[in-house]
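Data block below; observations after.
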Amino acid sequence: MNASSDGMGQHPVPAVPAPATPTGAGAPATGAPAAAPRETFIHLPIFFGVLLLAAIGFVLFQSGGLGHRSVAEMADTVPIGQGVTGVRFEIESGTVNVAPGDERAAAYTLGVMRAADTAEDLARLEATAYALQVVPDLARPSILVLRGPRMPPNTTGLLGLVLNVRLPKELELEVVVTGSGHITVGDRVARMDIATGRGDLRFEHCQCAIKAVTGRGYVIADGHRGDLNIETLNGDMQVFARQPGKLLQLVTGRGTVQCEVPENLDFVLDARAEEGRIGSAFGLTSERVGTYGAVMVGQNGSGTTKVVLRTGKGHVAFRSKKFD
């Protein structure tokens, strides 16, 4: 989780989908503790110490305060009805990790770190209910919305979250971090729509269509099967597409794009660097555009997969790979 939300030069932060509008009063979720976290999950007590110090250090640099601090963690399980086809998680700032779960429920652990200039502000932060709230959404009744705690009004301080979730992999997944935060998702088979204002994105061994955006952060997709449409305005992108779908689109405003696909993939390629070079292992050649730019277009086989690679400033590598 990044405590900052600094600017990005000439690149505006992409629009992060707005949280679902509540259509009824949410109530704290209650239930049995979540299952044990998977290996890629973060150990909360250790992580909190490092993350709290880093976040407070940044804000101290800007404000010179935040001398009052506390942390807390909890676990809960939210049952998922049979009519629900997907789950949407909404938080302001923090790290989100999602792994498969066997139970038809959203089992989660949630860590909260709080820091404030005064004891009064810290007390207001500590009085905030920090279990995920169930927010009905009449516009999409098949999507269960779970919303994290928010900063109380007229309060100066820091509220950061670490959210670890286990969710059945067959359910569609949406994650929205309106501020700053990294998102990691693994082993899913249903559609995903992921957005963070600023933070890294990581997808591990998923078999589904993914649409994702970050304002500033690195992107990694390892062993992916299915469509990919990912954008970062500032950050490197590294994708190992084991079985691409009909679309493989990677766009960065500033950074290197590395994309590896099976050597027998049928594709149509459109790769462009406004300022940088392009390389390919499929016998394609790039052409210079202007003084610093390059473009590479071409086709292999029947052109089943549309590959679009873009960088504003950086290099593009489109390579073949033998997957195990």
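Keep in mind that this is a model prediction, so the values were computed, not measured.
With D187 as reference, H205 is the one residue of Q207, K169, H205, E204 to meet the side-chain contact (heavy atoms from CB on, under 4.5 Å) rule.
Residues R188 and E172 are not paired through a salt bridge, judged by the lack of any N-O separation under 4.0 Å between the basic side chain and the carboxylate. Ion pair D222/R242 not flagged as a salt bridge, since none of the NZ, NE, NH1 or NH2 atoms sits closer than 4.0 Å to an Asp/Glu carboxylate oxygen.
For the atom pair R216 CZ and R198 CZ, the distance stands at 5.5 Å (nearest 0.5 Å). Between F89 atom CZ and L173 atom CG the span is 6.5 Å, to the nearest 0.5 Å. For the atom pair CZ (F318) and CD (Q258), the distance works out to 12.0 Å, reported to the nearest 0.5 Å. Note that CD of E260 and NZ of K322 are 13.5 Å apart. Values are rounded to the nearest 0.5 Å. In this structure, CD on Q299 lies 13.0 Å from CZ on F282, to the nearest 0.5 angstrom. Atom CD of E73 and atom CE of M113 lie 13.0 Å apart (nearest 0.5 Å).
Other residues, nucleotides and ligands contribute over 12 non-hydrogen atoms within 6.0 Å of the CZ atom of F240. More than 12 heavy atoms of other residues, nucleotides or ligands shown are found within 6.0 angstrom of CZ on F323. Taking a 6.0 Å sphere around CD of E274, one finds it holds 12 or fewer heavy atoms contributed by other residues, nucleotides or ligands.
Under a hydrophobic clustering in which Ile, Leu, Val, Met, Phe, Trp and Tyr are joined whenever their side-chain heavy atoms come within less than 4.5 Å, directly or via other members, Y218 and V185 fall into different clusters. Residues V257 and L284 share a hydrophobic cluster, clusters being chains of Ile/Leu/Val/Met/Phe/Trp/Tyr side chains in contact below 4.5 Å. When the side chains of ILVMFWY residues are joined at heavy-atom separations under 4.5 Å, either directly or via intervening members, I210 and M237 end up in a single hydrophobic cluster. Clustering ILVMFWY residues whenever any of their side-chain heavy atoms sit less than 4.5 angstrom apart, transitively, puts V289 in a cluster other than the one holding M296.
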Worked verdict on N234 versus T252 for side chain to side chain contact (heavy atoms under 4.5 Å, CB included): CA-CA 6 Å; N234 193 329; T252 178; 5.8 Å; no
Derivation and outcome, side chain to side chain contact (heavy atoms under 4.5 Å, CB included), residues I230 and F203: CA-CA 11 Å; I230 307 180; F203 305 102; 4.0 Å; yes
Working for side chain to side chain contact (heavy atoms under 4.5 Å, CB included), residues E90 and V145: CA-CA 8 Å; E90 299 177 352; V145 180; 3.8 Å; yes
Candidate pair T109 and V162, rule side chain to side chain contact (heavy atoms under 4.5 Å, CB included), full reasoning: CA-CA 8 Å; T109 59; V162 178; over 6 Å; no
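Of the possible donor and acceptor atoms, one in the side chain of R288 sits under 3.5 Å from a partner among the backbone N and O of G293. A donor-acceptor contact shorter than 3.5 Å is absent between the side chain of T196 and the backbone of H182. At distances below 3.5 Å, not a single donor-acceptor pair connects side-chain atoms of N229 with backbone N or O atoms of K211. The closest donor-acceptor contact from the side chain of T311 to the backbone of T256 lies at 3.5 Å or more, if one exists at all. At distances below 3.5 Å, at least one donor-acceptor pair connects side-chain atoms of R310 with backbone N or O atoms of D270.
The heavy-atom pair separating L146 from V87 by the smallest distance is CD1-CG1, 4.1 Å. Closest approach of L144 and P79 over heavy atoms only: CD2-O, 4.4 Å. Summarising the geometry of L110 relative to Y130, their closest heavy-atom pair is CD2-O, 2.6 Å, with the distance given to 0.1 Å. Minimum heavy-atom separation, A212 to L201: CB-CD1, 3.8 Å. Pairing each heavy atom of R124 with each of T155, the nearest pair is NE-OG1, 3.4 Å. Between T305 and G245, the shortest heavy-atom contact is OG1-O, 2.7 Å.
Proximity of L122 to R114: side-chain heavy atoms (C-beta onward) are separated by under 4.5 Å at one or more points. For the pair L269/L309, a side-chain contact is recorded, criterion being any heavy-atom separation below 4.5 Å from C-beta on. In this structure, L250 and V308 have side chains that are not in contact, with every pair of non-hydrogen atoms separated by 4.5 Å or more. The shortest distance between side-chain heavy atoms of D117 and L66 falls below 4.5 Å. By the 4.5 Å heavy-atom criterion applied to side chains, E174 and R191 are counted as neighbours. Between R104 and Q82, some side-chain heavy-atom pair lies under the 4.5 Å cut-off. Between V78 and L132 there is no side-chain heavy-atom pair separated by less than 4.5 Å. The closest side-chain heavy-atom distance from P136 to L138 is not below 4.5 Å.
Looking at S70 and E126, their side chains do bring a donor and an acceptor atom within 3.5 Å of each other.
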